[in-house]
Amino acid sequence: MFDSRHIKTFHEVVRSGSYSGAARALGYTQPAITQQMKALERAVGSPLFIRVGRGMRLTEAGETLARHADTILTSISTAQQQMSAITRLRSGRVRVCAFPSANATLIPEAMARLAAAHPGVRVELLEGEPPDSLGRVVRGECDITLAFTYPGLREETPAELVEIPLLEDQLTVLLPTGHPLARRRAVKLAELSEERWIAGCLRCRANFLHECAEQGFAPDIAFTTDDNLVVQSMVAAGLGVAMMPGLVLSFLCHQKVTGRALDPASRRHVSAYVLREHLGIPATARVLEELKTVAGNRVGC
């Protein structure tokens, strides 16, 4: 294994033609140059120079190394520049996976802030629902994932991941405009026990069933869909009612649908998850900071 400092010194010895010339150019003493060349020769396993009168010339091993020295030093310099750009947030790439309503709300706001402060940092956006999205971080398919959990459900988080809480997202009951309970500010879930329901993704559906069981009834689920717009359109058409996170209603609300808070209030926890060792990567840490800022600024979710 070659020491890059020794390669740089060797390159200067070859360029100047002597140890003394290299010492003057690099600001070293001549003995220091001599010691570095001896160390490099030990690493190579062969002499690099031979004395010829008052001068010296390269051995075959020295000529071979000299042909590559420029390339080695240029590659090291390029790598240093690129690494400096990453650590100073002039460049970098972060892969973020999030569920649909986070992709439509938290992500655009956070990415806009990031782009304004650090335009060289690129974000690749992926979409996924938990628990699958958590597995993508563990498998190295993304660097950060945004996921949600429900307090009433026992849900395992991979031990390798660190959780960064972002916000509490209040759940809302969606009713068609004109529904008798739409005049209320809040609705008890049990008051809708005779309604037909439109249910969402697997995790949301599991929480919905759990909350209904807590209220002493089994809901009549007429339709299931992961598409938030479809859920609202079905409610608007009078095909049923639905439970939906407030984060969705903050960007998507059908004009023929009314959202009402649950009584008692029910929420889901929204967090970012990342491998512990990735917390020290500047671009990843900055994306997490922007997400926390945007989540903290949201009111009424």
Side-chain angles (χ1 to χ4, degrees), residues 94-111 123 125-139 141-174 189 197-214 219 221 224-232 242-253 259 261-262 264-275 287-301:
V94 183
R95 299 164 299 166
V96 179
C97 180
F99 53 96
S101 57
N103 271 340
T105 52
L106 300 178
I107 294 296
E109 295 177 37
M111 295 310 97
V123 175
L125 188 58
L126 309 170
E127 188 168 291
E129 298 272 5
D132 293 341
S133 57
L134 296 174
R136 298 185 76 170
V137 185
V138 176
R139 294 191 298 271
E141 297 172 8
C142 63
D143 304 303
I144 300 170
T145 194
L146 270 62
F148 55 85
T149 56
Y150 289 101
L153 301 181
R154 295 186 61 183
E155 299 169 315
E156 297 294 330
T157 300
E160 303 96 320
L161 299 183
V162 176
E163 179 182 4
I164 297 96
L166 295 178
L167 58 83
E168 300 290 303
D169 190 12
Q170 183 169 320
L171 299 182
T172 304
V173 172
L174 295 188
L189 196 58
W197 288 84
I198 296 101
C201 71
L202 286 174
R203 182 169 285 198
C204 295
R205 197 180 316 155
N207 175 71
F208 170 59
L209 291 171
H210 169 77
E211 295 210 19
C212 290
E214 290 283 298
I221 298 178
T224 60
T225 175
D226 292 347
D227 191 314
N228 293 313
L229 181 57
V230 172
V231 172
Q232 294 197 39
M243 182 187 290
M244 183 165 283
L247 204 57
V248 174
L249 296 183
S250 69
F251 74 93
L252 179 67
C253 190
L262 282 170
S266 181
R267 294 177 174 84
R268 65 176 181 175
H269 306 309
V270 177
S271 299
Y273 297 85
V274 63
L275 292 170
V287 170
L288 289 170
E289 285 301 317
E290 299 298 359
L291 286 168
K292 287 192 288 185
T293 299
V294 167
N297 290 340
R298 296 193 71 85
V299 178
C301 289

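Predicted model only: the values in this text are computed from it and were never measured.
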Could you tell me if the side chain of [Y] sits less than 4.5 Å from the side chain of [X], heavy atoms only?
X: Val123; Y: Ile107; result: no
X: Leu291; Y: Ile164; result: no
X: Val248; Y: Thr172; result: no
X: Leu249; Y: Met244; result: yes
X: Pro151; Y: His269; result: yes

Are side-chain N/O atoms of [X] and [Y] paired as donor and acceptor at under 3.5 Å?
X: Gln232; Y: Asn228; result: no
X: Glu211; Y: Ser266; result: yes
X: Arg298; Y: Thr105; result: no

Could you grab the distance from atom [atom1] of [X] to atom [atom2] of [Y], nearest 0.5 Å is fine?
X: Glu289; Y: Thr293; atom1: CD; atom2: OG1; answer: 6.0 Å
X: Cys201; Y: Phe99; atom1: SG; atom2: CZ; answer: 9.5 Å
X: Cys97; Y: Leu146; atom1: SG; atom2: CG; answer: 9.0 Å
X: Leu126; Y: Asp143; atom1: CG; atom2: CG; answer: 9.0 Å
X: Ser101; Y: Glu129; atom1: OG; atom2: CD; answer: 7.5 Å
X: Leu167; Y: Asn297; atom1: CG; atom2: CG; answer: 11.0 Å

Taking all non-hydrogen atoms of both residues into account, name the closest pair between [X] and [Y] and its distance.
X: Ser271; Y: Pro165; result: OG-CA, 3.5 Å
X: Ala199; Y: Ile221; result: CB-CG2, 3.9 Å
X: Gly259; Y: Leu174; result: CA-CD2, 4.0 Å
X: Leu166; Y: Ala295; result: O-CB, 3.5 Å
X: Glu127; Y: Arg136; result: O-NH1, 3.5 Å

Any sub-3.5 Å donor-acceptor pair from [X]'s side-chain atoms to [Y]'s backbone N or O?
X: Thr145; Y: Leu134; result: no
X: Arg203; Y: Phe148; result: yes
X: Asp169; Y: Pro245; result: no
X: Glu290; Y: Met111; result: no

*asked:* Using the rule given for side chain to side chain contact (heavy atoms under 4.5 Å, CB included), can you reason through Arg268 versus Leu247, listing the C-alpha separation, both sets of side-chain angles and the distance that settles it, and then say yes or no?
replied: CA-CA 10 Å; Arg268 65 176 181 175; Leu247 204 57; 4.2 Å; yes
_Met243 vs Leu189, side chain to side chain contact (heavy atoms under 4.5 Å, CB included): CA-CA, chis, key distance, verdict_ = CA-CA 9 Å; Met243 182 187 290; Leu189 196 58; 3.9 Å; yes
*Checking side chain to side chain contact (heavy atoms under 4.5 Å, CB included) for the pair Asn207/Leu171: CA distance, chi angles, key distance, verdict?*
CA-CA 11 Å; Asn207 175 71; Leu171 299 182; 3.6 Å; yes
*asked:* Using the side-chain contact (heavy atoms from CB on, under 4.5 Å) definition, which of the options Val137, Val94, Val274 pairs with Cys142?
replied: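 For Cys142, the side-chain contact (heavy atoms from CB on, under 4.5 Å) check succeeds only for Val137.
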*Under the side chain to side chain contact (heavy atoms under 4.5 Å, CB included) criterion, do Leu161 and Leu275 qualify, and how do the steps go?*
CA-CA 5 Å; Leu161 299 183; Leu275 292 170; 3.7 Å; yes
